[in-house]
Amino acid sequence: MKNRLRFAPSPTGYLHVGGARTALFNWLYCKHYGGQFLLRIEDTDKARSTDESTRAIFDGLNWLGLTWDEEVVFQGASLALHQTDARALLDKNKAYRCFCTAAELDARRKDAEKMKQAFRYDGRCDRLKPDELKAKLDASTPFTIRFRIPGGSTTWNDLVHGDITFPNKDVDDFIILRGDGTPIYNLAVVSDDIAMNITLVMRGDDHISNTPKQIMLYQALGAAIPKFAHLPMIHGMDGKKLSKRHGATAVGDYQHLGMLPEAMLNFLALLGWSPGNDLEVMSVAEMVEKFSADHLSKKAAVFDTQKLEWMNGQHLSRTAGDALMPVVAKALDAAGLASLKDIESKRAWFLKLVELLKIRARTIDDIVRQATPYLRDSIEYDPEAVAKQWKEREPTAKTLSATRDALAAAKDWAPAVLEEDLRKLAESLGTTGGKIFQPLRVALTGLTVSPGIFDVLELLGRERSLARIETAVKHLSS
RNA sequence: GGCGGUAUCGUCUAGAGGCCUAGGACACGGCCCUCUCAAGGCUGGAACACGGGUUCGAAUCCCGUUACCGCUACCA
(Lines give C-alpha, C1' and ligand atoms only; values in the text may rest on other atoms or scores of the structure.)
Protein backbone atom coordinates (compact mmCIF):
# COMPACT_ATOMS: atom_id res chain seq x y z
CA MET A 1 0.00 0.00 0.00
CA LYS A 2 1.23 3.44 -0.87
CA ASN A 3 2.11 5.72 2.02
CA ARG A 4 -0.10 8.74 2.38
CA LEU A 5 0.81 11.26 5.05
CA ARG A 6 -0.70 14.59 5.78
CA PHE A 7 0.32 17.71 7.58
CA ALA A 8 -2.76 19.32 9.06
CA PRO A 9 -2.02 22.63 10.76
CA SER A 10 -4.75 24.78 12.19
CA PRO A 11 -5.10 28.12 10.43
CA THR A 12 -3.23 30.17 13.01
CA GLY A 13 -1.92 32.70 10.55
CA TYR A 14 1.69 31.59 10.68
CA LEU A 15 3.75 28.44 10.53
CA HIS A 16 5.06 27.67 13.98
CA VAL A 17 8.50 26.02 14.21
CA GLY A 18 6.89 23.02 15.89
CA GLY A 19 4.49 22.73 12.99
CA ALA A 20 7.34 23.17 10.56
CA ARG A 21 9.18 20.28 12.14
CA THR A 22 6.09 18.08 12.02
CA ALA A 23 5.71 18.96 8.35
CA LEU A 24 9.39 18.22 7.79
CA PHE A 25 9.21 14.74 9.32
CA ASN A 26 6.07 13.91 7.35
CA TRP A 27 7.84 15.12 4.22
CA LEU A 28 11.08 13.29 4.98
CA TYR A 29 9.15 10.10 5.58
CA CYS A 30 7.46 10.38 2.20
CA LYS A 31 10.68 11.21 0.41
CA HIS A 32 12.65 8.45 2.09
CA TYR A 33 10.15 5.62 2.09
CA GLY A 34 8.09 6.75 -0.87
CA GLY A 35 4.62 8.14 -0.54
CA GLN A 36 2.52 11.21 -0.88
CA PHE A 37 2.74 14.25 1.30
CA LEU A 38 -0.61 15.96 1.64
CA LEU A 39 -1.50 19.28 3.13
CA ARG A 40 -4.77 19.96 4.82
CA ILE A 41 -5.68 23.10 6.65
CA GLU A 42 -7.62 21.95 9.67
CA ASP A 43 -10.72 23.93 10.34
CA THR A 44 -13.90 22.26 11.47
CA ASP A 45 -16.48 24.93 11.53
CA LYS A 46 -15.70 28.54 11.94
CA ALA A 47 -13.90 29.16 8.67
CA ARG A 48 -10.91 30.64 10.44
CA SER A 49 -8.84 29.71 7.49
CA THR A 50 -8.94 33.03 5.74
CA ASP A 51 -6.93 33.61 2.62
CA GLU A 52 -4.26 35.35 4.69
CA SER A 53 -3.94 32.72 7.36
CA THR A 54 -3.68 29.87 4.89
CA ARG A 55 -1.25 31.80 2.77
CA ALA A 56 1.00 32.28 5.78
CA ILE A 57 1.20 28.50 6.17
CA PHE A 58 1.81 28.01 2.46
CA ASP A 59 4.51 30.68 2.47
CA GLY A 60 6.32 29.04 5.36
CA LEU A 61 6.24 25.64 3.71
CA ASN A 62 7.28 27.07 0.37
CA TRP A 63 10.20 28.92 1.87
CA LEU A 64 11.40 25.70 3.45
CA GLY A 65 10.91 23.91 0.16
CA LEU A 66 8.53 21.36 1.67
CA THR A 67 6.42 20.77 -1.40
CA TRP A 68 3.20 18.84 -1.14
CA ASP A 69 1.42 16.59 -3.59
CA GLU A 70 -2.14 17.61 -2.83
CA GLU A 71 -3.71 20.28 -0.78
CA VAL A 72 -7.11 20.51 0.82
CA VAL A 73 -8.33 23.60 2.52
CA PHE A 74 -11.24 22.62 4.66
CA GLN A 75 -13.43 25.57 5.39
CA GLY A 76 -16.37 23.56 6.42
CA ALA A 77 -16.13 22.06 2.94
CA SER A 78 -16.25 18.58 4.35
CA LEU A 79 -19.07 19.44 6.72
CA ALA A 80 -21.46 17.09 4.94
CA LEU A 81 -18.98 14.26 5.31
CA HIS A 82 -18.61 14.87 9.03
CA GLN A 83 -22.35 15.00 9.50
CA THR A 84 -22.86 11.82 7.52
CA ASP A 85 -20.33 10.01 9.69
CA ALA A 86 -21.91 11.31 12.88
CA ARG A 87 -25.31 10.26 11.61
CA ALA A 88 -23.99 6.80 10.72
CA LEU A 89 -22.64 6.39 14.21
CA LEU A 90 -26.01 7.36 15.61
CA ASP A 91 -27.79 4.90 13.32
CA LYS A 92 -25.41 2.10 14.24
CA ASN A 93 -26.16 2.91 17.87
CA LYS A 94 -22.51 3.72 18.53
CA ALA A 95 -23.38 7.26 19.49
CA TYR A 96 -26.30 8.96 21.19
CA ARG A 97 -27.97 12.32 21.48
CA CYS A 98 -27.04 14.41 24.47
CA PHE A 99 -29.46 17.08 25.61
CA CYS A 100 -27.31 18.51 28.36
CA THR A 101 -26.60 22.18 27.76
CA ALA A 102 -23.16 23.67 27.77
CA ALA A 103 -24.05 25.63 30.90
CA GLU A 104 -25.16 22.49 32.75
CA LEU A 105 -22.02 20.65 31.76
CA ASP A 106 -19.93 23.57 32.85
CA ALA A 107 -21.59 23.72 36.25
CA ARG A 108 -21.11 20.01 36.81
CA ARG A 109 -17.50 20.28 35.81
CA LYS A 110 -16.92 23.13 38.23
CA ASP A 111 -18.53 21.14 41.03
CA ALA A 112 -16.33 18.19 40.35
CA GLU A 113 -13.26 20.38 40.37
CA LYS A 114 -14.30 21.90 43.64
CA MET A 115 -14.50 18.43 45.15
CA LYS A 116 -11.09 17.66 43.68
CA GLN A 117 -12.75 14.95 41.66
CA ALA A 118 -12.17 14.06 38.05
CA PHE A 119 -15.08 15.26 35.98
CA ARG A 120 -16.69 12.52 33.97
CA TYR A 121 -19.71 12.75 31.78
CA ASP A 122 -22.05 10.37 33.53
CA GLY A 123 -23.84 9.17 30.41
CA ARG A 124 -27.22 10.28 31.68
CA CYS A 125 -28.54 11.06 28.22
CA ASP A 126 -27.59 7.57 27.13
CA ARG A 127 -29.99 6.23 29.72
CA LEU A 128 -33.02 8.20 28.58
CA LYS A 129 -36.14 6.04 28.38
CA PRO A 130 -37.69 5.80 24.89
CA ASP A 131 -40.59 8.04 25.87
CA GLU A 132 -38.26 10.62 27.45
CA LEU A 133 -36.20 10.67 24.28
CA LYS A 134 -39.32 11.03 22.15
CA ALA A 135 -40.54 13.91 24.30
CA LYS A 136 -37.21 15.76 23.93
CA LEU A 137 -37.23 15.19 20.22
CA ASP A 138 -40.84 16.26 19.85
CA ALA A 139 -40.07 19.41 21.78
CA SER A 140 -37.16 20.06 19.41
CA THR A 141 -34.75 20.22 22.32
CA PRO A 142 -31.30 21.03 20.93
CA PHE A 143 -28.78 18.23 21.26
CA THR A 144 -25.21 17.27 20.57
CA ILE A 145 -24.09 13.84 19.48
CA ARG A 146 -21.87 11.92 21.83
CA PHE A 147 -19.77 8.92 20.99
CA ARG A 148 -20.37 5.96 23.28
CA ILE A 149 -17.05 4.52 24.45
CA PRO A 150 -17.07 0.74 24.26
CA GLY A 151 -15.59 -1.44 26.98
CA GLY A 152 -12.12 -2.94 26.94
CA SER A 153 -8.97 -1.10 26.12
CA THR A 154 -7.34 0.52 23.13
CA THR A 155 -3.77 -0.18 22.10
CA TRP A 156 -1.70 0.90 19.18
CA ASN A 157 1.90 0.49 18.23
CA ASP A 158 3.22 3.99 17.97
CA LEU A 159 6.09 4.44 15.55
CA VAL A 160 8.06 6.43 18.09
CA HIS A 161 6.73 5.24 21.43
CA GLY A 162 6.03 1.57 20.85
CA ASP A 163 2.88 0.11 22.37
CA ILE A 164 0.60 2.54 24.14
CA THR A 165 -2.54 1.31 25.88
CA PHE A 166 -5.47 3.20 27.31
CA PRO A 167 -8.19 1.49 29.32
CA ASN A 168 -11.38 2.64 27.62
CA LYS A 169 -13.03 3.33 30.93
CA ASP A 170 -10.67 6.27 31.31
CA VAL A 171 -11.99 8.02 28.27
CA ASP A 172 -15.20 9.97 28.42
CA ASP A 173 -18.12 9.69 26.06
CA PHE A 174 -17.09 12.69 24.01
CA ILE A 175 -19.08 14.99 21.79
CA ILE A 176 -18.55 14.48 18.08
CA LEU A 177 -21.12 16.89 16.70
CA ARG A 178 -22.04 20.22 18.21
CA GLY A 179 -25.54 21.50 18.71
CA ASP A 180 -25.22 23.54 15.54
CA GLY A 181 -24.33 20.47 13.56
CA THR A 182 -20.63 21.22 13.16
CA PRO A 183 -18.11 18.56 14.10
CA ILE A 184 -15.59 18.45 16.91
CA TYR A 185 -11.93 17.98 16.03
CA ASN A 186 -11.69 14.31 16.90
CA LEU A 187 -14.47 13.40 14.48
CA ALA A 188 -13.30 15.84 11.85
CA VAL A 189 -9.74 14.50 11.64
CA VAL A 190 -10.90 10.93 11.51
CA SER A 191 -13.49 11.60 8.79
CA ASP A 192 -11.03 13.64 6.78
CA ASP A 193 -8.19 11.15 7.20
CA ILE A 194 -10.44 8.33 6.08
CA ALA A 195 -11.58 10.37 3.11
CA MET A 196 -8.00 11.12 2.16
CA ASN A 197 -6.83 7.54 2.67
CA ILE A 198 -4.19 8.55 5.15
CA THR A 199 -1.98 5.60 6.10
CA LEU A 200 0.27 7.18 8.71
CA VAL A 201 -0.68 9.96 11.06
CA MET A 202 2.45 11.75 12.20
CA ARG A 203 1.80 14.63 14.56
CA GLY A 204 2.73 16.19 17.89
CA ASP A 205 2.92 14.39 21.19
CA ASP A 206 0.06 16.44 22.54
CA HIS A 207 -2.30 14.26 20.52
CA ILE A 208 -1.45 11.02 22.29
CA SER A 209 -4.49 11.14 24.51
CA ASN A 210 -6.72 11.92 21.52
CA THR A 211 -5.52 8.80 19.76
CA PRO A 212 -7.62 6.18 21.61
CA LYS A 213 -10.71 8.28 20.89
CA GLN A 214 -9.84 8.45 17.25
CA ILE A 215 -9.03 4.75 16.97
CA MET A 216 -12.39 3.91 18.49
CA LEU A 217 -14.00 6.18 15.92
CA TYR A 218 -12.21 4.39 13.08
CA GLN A 219 -13.42 1.09 14.48
CA ALA A 220 -16.98 2.27 14.90
CA LEU A 221 -16.97 3.65 11.38
CA GLY A 222 -15.60 0.36 10.10
CA ALA A 223 -12.55 2.04 8.58
CA ALA A 224 -8.96 0.84 8.44
CA ILE A 225 -6.87 2.24 11.26
CA PRO A 226 -3.75 4.11 10.11
CA LYS A 227 -0.39 3.88 11.82
CA PHE A 228 0.48 6.60 14.29
CA ALA A 229 3.70 8.40 15.09
CA HIS A 230 3.78 10.95 17.88
CA LEU A 231 6.63 13.41 17.71
CA PRO A 232 7.95 15.11 20.84
CA MET A 233 7.25 18.77 21.53
CA ILE A 234 9.64 21.66 21.13
CA HIS A 235 10.25 23.75 24.22
CA GLY A 236 11.78 27.16 24.84
CA MET A 237 15.00 27.62 26.84
CA ASP A 238 12.97 27.61 30.05
CA GLY A 239 11.66 24.13 29.36
CA LYS A 240 8.16 25.35 28.70
CA LYS A 241 6.23 24.82 25.50
CA LEU A 242 7.52 27.18 22.84
CA SER A 243 5.32 30.26 22.66
CA LYS A 244 5.26 33.90 21.70
CA ARG A 245 7.12 35.04 24.78
CA HIS A 246 10.14 33.01 23.71
CA GLY A 247 10.56 35.50 20.88
CA ALA A 248 10.61 34.30 17.30
CA THR A 249 8.50 31.18 16.98
CA ALA A 250 7.26 31.39 13.40
CA VAL A 251 9.44 30.15 10.60
CA GLY A 252 8.81 33.46 8.84
CA ASP A 253 10.61 35.18 11.72
CA TYR A 254 13.71 33.14 10.99
CA GLN A 255 13.46 33.87 7.32
CA HIS A 256 13.56 37.56 8.14
CA LEU A 257 16.40 37.03 10.59
CA GLY A 258 18.50 35.92 7.65
CA MET A 259 18.41 32.16 8.07
CA LEU A 260 18.79 29.79 5.16
CA PRO A 261 15.94 27.33 4.66
CA GLU A 262 18.38 24.43 4.43
CA ALA A 263 19.91 25.37 7.77
CA MET A 264 16.50 25.74 9.37
CA LEU A 265 15.48 22.32 8.07
CA ASN A 266 18.76 20.79 9.22
CA PHE A 267 18.41 22.27 12.68
CA LEU A 268 14.75 21.27 13.01
CA ALA A 269 15.51 17.73 11.84
CA LEU A 270 18.09 17.33 14.60
CA LEU A 271 15.48 18.33 17.15
CA GLY A 272 13.95 14.92 17.59
CA TRP A 273 15.91 12.88 15.12
CA SER A 274 19.49 11.92 14.49
CA PRO A 275 21.11 9.86 11.76
CA GLY A 276 22.47 7.61 14.51
CA ASN A 277 26.03 8.88 14.39
CA ASP A 278 27.97 12.10 14.79
CA LEU A 279 26.87 13.63 11.53
CA GLU A 280 25.17 16.99 12.05
CA VAL A 281 25.49 19.33 9.12
CA MET A 282 23.52 17.84 6.27
CA SER A 283 21.98 18.91 3.01
CA VAL A 284 18.32 18.25 2.43
CA ALA A 285 19.22 15.42 0.07
CA GLU A 286 21.35 13.84 2.77
CA MET A 287 18.57 14.11 5.30
CA VAL A 288 16.18 12.39 2.92
CA GLU A 289 18.70 9.65 2.32
CA LYS A 290 19.56 9.08 5.96
CA PHE A 291 16.12 9.57 7.44
CA SER A 292 14.84 6.65 9.42
CA ALA A 293 11.68 6.47 11.46
CA ASP A 294 13.32 4.42 14.18
CA HIS A 295 15.74 7.14 15.08
CA LEU A 296 13.01 9.53 16.09
CA SER A 297 13.36 10.56 19.69
CA LYS A 298 10.70 10.58 22.39
CA LYS A 299 11.98 13.44 24.43
CA ALA A 300 10.89 17.04 24.12
CA ALA A 301 13.68 19.23 22.75
CA VAL A 302 14.67 22.74 23.68
CA PHE A 303 14.96 25.20 20.83
CA ASP A 304 18.47 26.64 21.07
CA THR A 305 18.84 29.72 18.88
CA GLN A 306 22.61 29.77 19.26
CA LYS A 307 22.95 26.37 17.71
CA LEU A 308 20.59 27.38 14.93
CA GLU A 309 22.84 30.33 14.16
CA TRP A 310 25.91 28.13 14.18
CA MET A 311 24.13 25.73 11.86
CA ASN A 312 23.22 28.60 9.57
CA GLY A 313 26.84 29.73 9.52
CA GLN A 314 27.88 26.26 8.49
CA HIS A 315 25.39 26.21 5.64
CA LEU A 316 26.35 29.72 4.63
CA SER A 317 29.98 28.66 4.31
CA ARG A 318 29.11 25.57 2.33
CA THR A 319 26.68 27.17 -0.06
CA ALA A 320 28.20 28.41 -3.31
CA GLY A 321 28.32 32.17 -3.66
CA ASP A 322 26.15 32.30 -6.75
CA ALA A 323 23.48 30.24 -5.03
CA LEU A 324 23.51 32.83 -2.26
CA MET A 325 23.36 35.79 -4.61
CA PRO A 326 19.57 36.04 -5.03
CA VAL A 327 18.83 36.18 -1.33
CA VAL A 328 21.81 38.39 -0.51
CA ALA A 329 20.90 40.73 -3.34
CA LYS A 330 17.40 41.03 -1.99
CA ALA A 331 18.69 41.77 1.50
CA LEU A 332 21.20 44.33 0.21
CA ASP A 333 18.47 46.00 -1.78
CA ALA A 334 16.12 46.02 1.19
CA ALA A 335 18.84 47.59 3.33
CA GLY A 336 19.27 50.31 0.72
CA LEU A 337 22.92 49.43 0.16
CA ALA A 338 22.69 48.45 -3.47
CA SER A 339 19.96 48.18 -6.03
CA LEU A 340 19.15 44.94 -7.76
CA LYS A 341 20.18 46.59 -11.00
CA ASP A 342 23.61 47.55 -9.63
CA ILE A 343 24.14 44.07 -8.40
CA GLU A 344 23.20 42.59 -11.73
CA SER A 345 25.54 44.84 -13.63
CA LYS A 346 28.47 44.25 -11.28
CA ARG A 347 27.70 40.65 -10.61
CA ALA A 348 31.29 39.39 -10.57
CA TRP A 349 32.31 42.00 -8.02
CA PHE A 350 29.33 41.25 -5.77
CA LEU A 351 30.05 37.56 -6.05
CA LYS A 352 33.57 38.13 -4.78
CA LEU A 353 32.19 40.18 -1.91
CA VAL A 354 29.75 37.42 -0.96
CA GLU A 355 32.43 34.75 -1.18
CA LEU A 356 34.57 36.72 1.22
CA LEU A 357 31.83 37.49 3.70
CA LYS A 358 29.82 34.29 3.80
CA ILE A 359 32.54 32.34 5.57
CA ARG A 360 32.59 34.75 8.48
CA ALA A 361 28.86 35.37 8.76
CA ARG A 362 26.21 33.43 10.60
CA THR A 363 23.21 35.00 8.96
CA ILE A 364 22.35 36.85 5.78
CA ASP A 365 21.95 39.89 7.99
CA ASP A 366 25.55 39.51 9.07
CA ILE A 367 26.59 39.60 5.44
CA VAL A 368 24.62 42.78 4.86
CA ARG A 369 26.13 44.39 7.94
CA GLN A 370 29.64 43.42 6.97
CA ALA A 371 29.14 44.51 3.38
CA THR A 372 28.35 48.09 4.35
CA PRO A 373 31.87 49.58 4.14
CA TYR A 374 32.29 48.30 0.59
CA LEU A 375 29.03 49.73 -0.64
CA ARG A 376 28.80 53.14 0.93
CA ASP A 377 30.65 56.11 -0.50
CA SER A 378 32.00 57.14 2.86
CA ILE A 379 32.74 55.20 5.97
CA GLU A 380 32.40 55.91 9.65
CA TYR A 381 35.27 55.28 11.98
CA ASP A 382 34.29 53.01 14.80
CA PRO A 383 35.43 54.80 18.00
CA GLU A 384 36.77 51.60 19.47
CA ALA A 385 38.73 50.82 16.34
CA VAL A 386 40.21 54.32 16.39
CA ALA A 387 41.08 54.04 20.05
CA LYS A 388 42.79 50.75 19.52
CA GLN A 389 44.56 51.08 16.19
CA TRP A 390 45.04 54.85 15.80
CA LYS A 391 46.17 55.53 19.31
CA GLU A 392 49.10 57.73 18.35
CA ARG A 393 47.87 60.03 15.64
CA GLU A 394 51.09 61.33 14.12
CA PRO A 395 53.01 58.10 13.79
CA THR A 396 49.87 56.46 12.43
CA ALA A 397 49.39 59.20 9.87
CA LYS A 398 52.98 58.73 8.83
CA THR A 399 52.64 55.00 8.44
CA LEU A 400 49.45 55.46 6.50
CA SER A 401 51.09 57.94 4.15
CA ALA A 402 53.91 55.55 3.52
CA THR A 403 51.42 52.79 2.92
CA ARG A 404 49.54 54.92 0.45
CA ASP A 405 52.71 55.73 -1.43
CA ALA A 406 53.68 52.10 -1.59
CA LEU A 407 50.27 51.12 -2.82
CA ALA A 408 50.11 53.93 -5.34
CA ALA A 409 53.35 52.63 -6.77
CA ALA A 410 52.14 49.06 -7.03
CA LYS A 411 52.62 47.59 -10.48
CA ASP A 412 49.46 45.60 -10.35
CA TRP A 413 46.42 45.94 -8.06
CA ALA A 414 46.35 42.29 -7.18
CA PRO A 415 46.37 40.82 -3.66
CA ALA A 416 49.62 38.92 -4.07
CA VAL A 417 51.45 41.94 -5.47
CA LEU A 418 50.06 44.30 -2.86
CA GLU A 419 51.04 41.92 -0.09
CA GLU A 420 54.58 41.68 -1.34
CA ASP A 421 54.85 45.47 -1.55
CA LEU A 422 53.43 46.10 1.89
CA ARG A 423 55.56 43.45 3.52
CA LYS A 424 58.59 45.05 1.94
CA LEU A 425 57.45 48.38 3.29
CA ALA A 426 57.12 46.91 6.76
CA GLU A 427 60.62 45.57 6.54
CA SER A 428 62.03 48.90 5.44
CA LEU A 429 60.23 50.64 8.30
CA GLY A 430 61.62 48.07 10.67
CA THR A 431 58.25 46.84 11.74
CA THR A 432 55.90 43.90 11.20
CA GLY A 433 53.09 43.50 8.76
CA GLY A 434 50.45 43.62 11.43
CA LYS A 435 51.56 47.09 12.50
CA ILE A 436 50.75 48.33 9.04
CA PHE A 437 47.72 46.23 8.23
CA GLN A 438 45.67 47.07 11.29
CA PRO A 439 45.71 50.88 10.96
CA LEU A 440 45.13 50.38 7.25
CA ARG A 441 42.08 48.27 7.95
CA VAL A 442 40.58 51.07 9.99
CA ALA A 443 41.33 53.56 7.22
CA LEU A 444 39.70 51.32 4.67
CA THR A 445 36.69 50.03 6.56
CA GLY A 446 36.47 52.01 9.78
CA LEU A 447 36.49 48.69 11.61
CA THR A 448 38.91 46.31 13.25
CA VAL A 449 37.18 43.37 11.66
CA SER A 450 37.17 42.50 7.99
CA PRO A 451 38.28 39.91 5.47
CA GLY A 452 42.01 39.72 4.75
CA ILE A 453 43.38 43.19 4.13
CA PHE A 454 44.53 42.45 0.58
CA ASP A 455 41.13 41.15 -0.36
CA VAL A 456 39.69 44.34 1.05
CA LEU A 457 42.05 46.40 -1.08
CA GLU A 458 41.12 44.46 -4.14
CA LEU A 459 37.42 44.75 -3.41
CA LEU A 460 37.63 48.48 -2.88
CA GLY A 461 39.81 49.00 -5.93
CA ARG A 462 42.74 51.32 -6.41
CA GLU A 463 40.95 54.65 -6.51
CA ARG A 464 38.72 54.16 -3.52
CA SER A 465 41.45 52.58 -1.43
CA LEU A 466 43.88 55.40 -2.01
CA ALA A 467 41.16 57.98 -1.43
CA ARG A 468 40.18 56.42 1.88
CA ILE A 469 43.75 56.33 3.06
CA GLU A 470 44.09 59.96 2.05
CA THR A 471 40.98 60.82 4.04
CA ALA A 472 42.32 58.95 7.04
CA VAL A 473 45.64 60.77 6.91
CA LYS A 474 43.80 64.09 6.78
CA HIS A 475 41.54 63.02 9.61
CA LEU A 476 44.56 62.12 11.72
CA SER A 477 46.44 65.28 10.96
CA SER A 478 43.58 67.64 11.71
C1' G B 1 -7.52 15.04 41.10
C1' G B 2 -7.65 11.12 36.91
C1' C B 3 -5.12 9.19 32.71
C1' G B 4 -1.02 9.12 29.44
C1' G B 5 3.99 10.35 28.00
C1' U B 6 9.23 11.48 29.06
C1' A B 7 13.89 11.20 31.89
C1' U B 8 22.33 10.77 29.36
C1' C B 9 26.82 17.18 30.06
C1' G B 10 23.54 24.08 30.70
C1' U B 11 21.42 22.71 25.40
C1' C B 12 20.86 19.10 20.91
C1' U B 13 22.19 14.17 20.99
C1' A B 14 25.21 8.93 20.26
C1' G B 15 24.29 4.65 23.02
C1' A B 16 19.47 -1.41 21.37
C1' G B 17 23.43 -5.87 28.34
C1' G B 18 29.97 -6.30 28.10
C1' C B 19 33.08 -1.99 22.77
C1' C B 20 31.44 3.29 28.39
C1' U B 21 37.22 5.44 32.33
C1' A B 22 29.85 7.30 28.54
C1' G B 23 31.25 9.56 22.29
C1' G B 24 30.03 13.99 19.10
C1' A B 25 27.97 19.03 18.49
C1' C B 26 26.34 24.07 20.43
C1' A B 27 27.77 27.31 24.39
C1' C B 28 31.92 28.45 27.87
C1' G B 29 37.69 28.55 29.15
C1' G B 30 42.86 27.69 27.40
C1' C B 31 46.43 26.90 23.43
C1' C B 32 47.81 26.79 18.11
C1' C B 33 47.27 29.04 13.25
C1' U B 34 47.23 34.31 11.95
C1' C B 35 47.20 41.18 9.32
C1' U B 36 41.89 41.48 12.40
C1' C B 37 37.51 38.52 12.44
C1' A B 38 35.41 34.02 11.06
C1' A B 39 36.69 29.14 9.90
C1' G B 40 39.98 25.21 11.29
C1' G B 41 43.21 22.18 14.69
C1' C B 42 44.40 20.74 19.75
C1' U B 43 42.64 21.00 24.70
C1' G B 44 39.74 21.82 29.72
C1' G B 45 35.49 21.74 32.82
C1' A B 46 30.56 19.46 32.27
C1' A B 47 25.75 14.12 32.22
C1' C B 48 23.54 8.27 32.69
C1' A B 49 17.16 11.75 38.12
C1' C B 50 16.72 8.48 42.67
C1' G B 51 15.85 3.61 44.96
C1' G B 52 15.20 -1.41 44.36
C1' G B 53 15.44 -5.79 41.42
C1' U B 54 16.96 -9.28 36.97
C1' U B 55 21.99 -10.73 35.36
C1' C B 56 28.55 -13.19 35.83
C1' G B 57 27.81 -8.06 34.00
C1' A B 58 23.05 -2.46 33.23
C1' A B 59 23.07 4.20 30.80
C1' U B 60 20.76 0.10 28.26
C1' C B 61 15.70 -4.85 30.78
C1' C B 62 11.69 -4.85 35.00
C1' C B 63 9.30 -2.39 39.29
C1' G B 64 8.66 1.78 42.42
C1' U B 65 9.68 7.02 43.65
C1' U B 66 10.52 11.88 42.06
C1' A B 67 10.44 15.71 38.47
C1' C B 68 8.78 17.68 34.00
C1' C B 69 5.27 17.73 29.93
C1' G B 70 0.55 16.68 27.66
C1' C B 71 -4.68 15.51 27.65
C1' U B 72 -8.79 15.74 30.84
C1' A B 73 -13.85 21.72 26.20
C1' C B 74 -20.24 21.95 22.17
C1' C B 75 -10.60 24.36 20.97
C1' A B 76 -7.57 22.28 17.47
Side-chain angles (χ1 to χ4, degrees), chain A residues 8-12 42-46 48 98 100-102 105-106 109 112-113 115-120 142-146 158 161 164-167 169-172 174-180 182-186 188-189 204-213 230 232-233 235 237 239-241 267 270-281 294-295 297-304 306-311 313-314 317 357-362 366 370 385 388-389 419 422-423 426 432-438 440-442 445 447-454 456:
Chain A
S10 51
T12 43
E42 200 71 55
D43 188 12
T44 60
D45 65 322
K46 307 192 176 75
R48 274 169 300 191
C98 175
C100 301
T101 65
L105 257 12
D106 215 43
R109 192 171 359 254
E113 271 166 26
M115 314 261 295
K116 285 243 171 202
Q117 295 272 303
F119 171 76
R120 308 291 319 259
F143 61 86
T144 60
I145 296 180
R146 268 186 201 275
D158 197 277
H161 293 274
I164 300 181
T165 300
F166 281 78
K169 66 172 174 54
D170 289 330
V171 359
D172 249 6
F174 59 95
I175 292 173
I176 53 177
L177 209 65
R178 297 186 182 95
D180 65 0
T182 57
I184 287 299
Y185 169 75
N186 281 308
V189 254
D205 237 347
D206 47 342
H207 284 287
I208 286 182
S209 29
N210 279 325
T211 307
K213 297 180 187 174
H230 286 96
M233 304 269 84
H235 288 167
M237 271 308 208
K240 296 262 163 39
K241 193 172 170 173
F267 176 72
L270 257 20
L271 245 42
W273 174 77
S274 102
N277 52 36
D278 294 338
L279 185 62
E280 296 214 326
V281 183
D294 45 49
H295 272 99
S297 103
K298 305 175 192 183
K299 196 184 135 197
V302 173
F303 192 91
D304 181 0
Q306 272 189 315
K307 187 149 185 179
L308 202 213
E309 285 186 4
W310 167 79
M311 182 68 79
Q314 292 291 315
S317 299
L357 298 183
K358 70 171 193 172
I359 53 174
R360 51 202 104 222
R362 290 200 150 194
D366 278 347
Q370 292 174 25
K388 196 169 172 202
Q389 300 300 345
E419 173 156 16
L422 287 197
R423 292 220 185 261
T432 59
K435 291 274 191 295
I436 299 188
F437 305 154
Q438 281 302 87
L440 177 58
R441 191 186 314 280
V442 178
T445 67
L447 307 168
T448 52
V449 174
S450 83
I453 197 70
F454 306 105
V456 172

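Here is the naming used below: chain letters follow the sequence lines, and residue numbers restart at 1 for every chain. Side-chain atoms are counted along with the backbone in the values below, which use heavy atoms only and exclude waters and symmetry mates.
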How far does the [atom1] atom of [N] sit from the matching atom of [M], given to the nearest Å?
| N | M | atom1 | answer |
| --- | --- | --- | --- |
| G24(B) | G44(B) | P | 10 Å |
| G45(B) | G30(B) | C1' | 11 Å |
| A25(B) | A39(B) | C1' | 16 Å |
| A59(B) | C3(B) | C1' | 29 Å |
| G51(B) | A67(B) | C1' | 15 Å |
| U8(B) | C50(B) | P | 11 Å |
| G29(B) | C61(B) | C1' | 40 Å |

No-hydrogen, no-angle side-chain donor-acceptor test under 3.5 Å, Thr182(A) and Arg178(A): yes
Rounded to whole angstroms, how far apart are [atom1] on [X] and [atom2] on [N]?
| X | N | atom1 | atom2 | value |
| --- | --- | --- | --- | --- |
| Asn210(A) | A73(B) | CG | C1' | 11 Å |
| Glu309(A) | A27(B) | CD | P | 10 Å |
| Leu308(A) | A27(B) | CG | P | 12 Å |

OP1 or OP2 of [N] less than 4.0 angstrom from a side-chain nitrogen or oxygen of [X], does that happen here?
| X | N | answer |
| --- | --- | --- |
| Arg362(A) | A27(B) | yes |
| Gln370(A) | U36(B) | no |
| Arg178(A) | A76(B) | yes |

Need one value for [X]: base, sugar-phosphate or nothing, where a base atom within 4.0 Å counts as base even if backbone is also close, heavy atoms only.
| X | result |
| --- | --- |
| Asp106(A) | nothing |
| Thr12(A) | nothing |
| Arg120(A) | nothing |
| Ser317(A) | nothing |

Base-contact (B) and sugar-phosphate-only (S) positions in nucleotides 62-68 of chain B, heavy-atom cut-off under 4.0 Å, - elsewhere: -------
Nucleotide-resolved protein contact map, nucleotides 4-23 of chain B, B/S/- at heavy-atom distance under 4.0 Å: SSSSS--SBSSS-------B
Nucleotide nearest Ile453(A) (side chain, heavy atoms from C-beta), chosen from C35(B), C37(B), C74(B): C35(B)
